[in-house]
Amino acid sequence: MVSSAQVVNIGDLRRLARRRLPRVAFDYIDGGADGEVTLRENCRVFDDVTLRPRSAVVTQGCDLRTSVLGTDLALPLLLAPVGSCRLFYPRGEAVAARAAGAAGTVYVLSTLSGTRLEEVRAASSGPCWYQVYLCGGRDVALGAIARARAAGFSALVVTIDTPVAGLRERDIRNGSKELLSGRPWSMLPFVGQFLARPRWLVDFLADGGLMSFPNVVLPDGPMPYADVGAALEQSAVCWDDLRWLREAWDGPIVIKGVHTADDARRALDQGAGAIVVSNHGGRQLDGVAPTLRVLPEVVEAVRGRVEVLLDGGIRRGGDIVKALCLGARAVLVGRAYAYGLGAGGEAGVAKAIQILRADLVRTLKLLGCASVAELGGSYADVPSDWRREPSRTSEASASGTLF
Ligand SMILES: Cc1cc2nc3c(=O)[nH]c(=O)nc-3n(C[C@H](O)[C@H](O)[C@H](O)COP(=O)(O)O)c2cc1C
């Protein structure tokens, strides 16, 4: 179904995911925090940036290759950590990792995944990174980190924007928490929407039904779904944690959730190999600026000393091009592939990547640019009020230009 001619863009995959998934699962992917202002802005802000093509330039092939943390990628696009993928499709994390590997890119596995990290690593022929939350405390996280190293994950992604779960109003209205409590009678209100999605229901039950988090192993076993909010709040990551995490992990560390120049410099001081400008896809603090808007400030602050990635709102290859023009080395996508997974498993994720790859090639050709490596500020215009606007505490952006 996902290969049909009707699937032209990521919005089409979203529509198919909505058709296959029960509302409680679709809204979990699709929703954001509070009034969803940042969620909407993350997407809309790409419209503010306009492209500057070199016309009458023929580019035969377009080179999409890049490298991140010394790892070669076939395209400047990684799959972001998305928790609970197994609710969308059987063994969803392994399925998405396989599609990422086949496309020659990185899969980032969330701590809050429903599939064992060893199985996910084995499913991909490409590089995998492990995203760490400290649910259950340091010892529990250390156990997962040791397993991730033994399994062959090559970088640790530390998410720093989740001191508490954001208020996802759709999840509250849908009764997600009650559902995930696992009590049989709490399922009753959901029977109607589950039966209305028989394909999903059969897959879900065949995959074992409601699960726990096999990579968060507490003294009494894997952490159940119901405990997530409390566990996140009890174990928020702070800058001090970076010190012991650096000792526990001898590979590169990526800090995900940077919004400002100051935090970017702080991440640099803590020895990060890369940072991700991210607001968690508008799922945490609503009202923060869209990521594309803060990217130039961050790029300028770190001055090439650390690789800068961006996520949030990427739905088209043209969005990726704009992020690269503004200084991102590569982007991560979350919902774009999660919709594909919900729509049709591995074929859906592969389709999402294929759509974005084809967009990238076409956009580069139309720009008259032969490779992603050549993209830069001269290929894009930002609104005039984006330039030279001092951030409140950053001395760097008070004095410099954006590019
Ligand atoms: C359903 C869902 C679950 C997510 N789970 C996690 C997670 O467990 N850890 C994390 O660091 N980020 C998580 N994120 C955030 C993504 O990694 C990424 O920052 C975000 O999706 C990017 O925005 P986009 O969805 O507009 O591409 C999640 C996002 C979604 C949509």
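Both ligands and their constituent atoms are indexed starting at 1 by order of listing. All values below come from the heavy atoms of this structure, side chains included, with hydrogens, waters and symmetry mates left out.
- Contact annotation: for R335 versus ligand 1, heavy atoms closer than 4.0 Å belong to both the backbone and the side chain.
- An N or O contact shorter than 3.5 Å links K256 to ligand 1 by distance.
- Note on ligand 1: G313 sits in its first shell, one or more heavy atoms being nearer than 4.0 Å.
- Remark: of the listed residues L156, L109, V68, V68 is the sole one forming a side chain to side chain contact (heavy atoms under 4.5 Å, CB included) with W129.
- Each of the following atoms of ligand 1 lies closer than 4.0 Å to a heavy atom of G312: 22 (C), 23 (O), 26 (O).
- Under the 4.5 Å side-chain criterion, counting only non-hydrogen atoms from C-beta, V82 is in contact with F88.
- Looking at S154 and R149, their side chains never bring a donor and an acceptor atom within 3.5 Å of each other.
- In terms of protein heavy-atom proximity, atom 19 (O) of ligand 1 is nearest to D311 OD2, 2.7 Å.
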inquiry  = Run E93 and T115 through side-chain hydrogen bond (donor to acceptor under 3.5 Å, both in side chains) and show every step you take.
reply    = CA-CA 6 Å; E93 294 86 0; T115 311; 2.5 Å; yes
task = Take R20 and D203 through the test salt bridge (Lys or Arg N to Asp or Glu O under 4.0 Å) and record every step on the way to the result.
result = CA-CA 11 Å; R20 179 178 165 276; D203 285 347; 3.0 Å; yes
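- Looking at N42 and N279, their side chains do bring a donor and an acceptor atom within 3.5 Å of each other.
- Panel note: side chain S212, backbone P222; no donor-acceptor pair is recorded below 3.5 Å.
- In terms of protein heavy atoms, atom 15 (C) of ligand 1 is closest to H280 CD2, 3.5 Å.
- With a 4.0 Å heavy-atom cut-off, ligand 1 is reached by the backbone of V82 and by its side chain too.
- Residue Y133 touches ligand 1 through its side chain alone, judged by heavy-atom distances below 4.0 Å.
- Residue-ligand proximity, I29 to ligand 1, at heavy-atom distances under 4.0 Å covers atoms 1 (C), 31 (C).
- The closest heavy-atom contact to atom 16 (C) of ligand 1, among the options G334, G281, P81, comes from P81.
- At a 4.0 Å heavy-atom cut-off, ligand 1 touches R315 through the side chain alone.
- Counting the atoms of ligand 1 from 1 in the order shown, those under 4.0 Å from a heavy atom of G83 are 3 (C), 4 (C), 5 (N), 6 (C), 8 (O).
- Ring geometry, Y337 versus Y107: the interplanar angle exceeds 60°, so the pair is classed perpendicular (tilted spans 30 to 60°).
- Interface atoms of ligand 1 facing T159, defined by a heavy-atom separation under 4.0 Å, are 10 (C), 11 (O).
- Within the 3.5 Å criterion, the main-chain N or O of A352 finds no donor-acceptor partner in the side chain of R357.
- Under the 3.5 Å distance criterion, with hydrogens and angles disregarded, no donor-acceptor pair is assigned to the side chains of Q270 and R265.
- Each of the atoms 7 (C), 8 (O) of ligand 1 lies under 4.0 Å from some heavy atom of S110.
- The protein heavy atom nearest to atom 31 (C) of ligand 1 is R283 NH1, 3.4 Å.
- Residue contacts with ligand 1 include S278, since one or more of its heavy atoms lies under 4.0 Å from the ligand.
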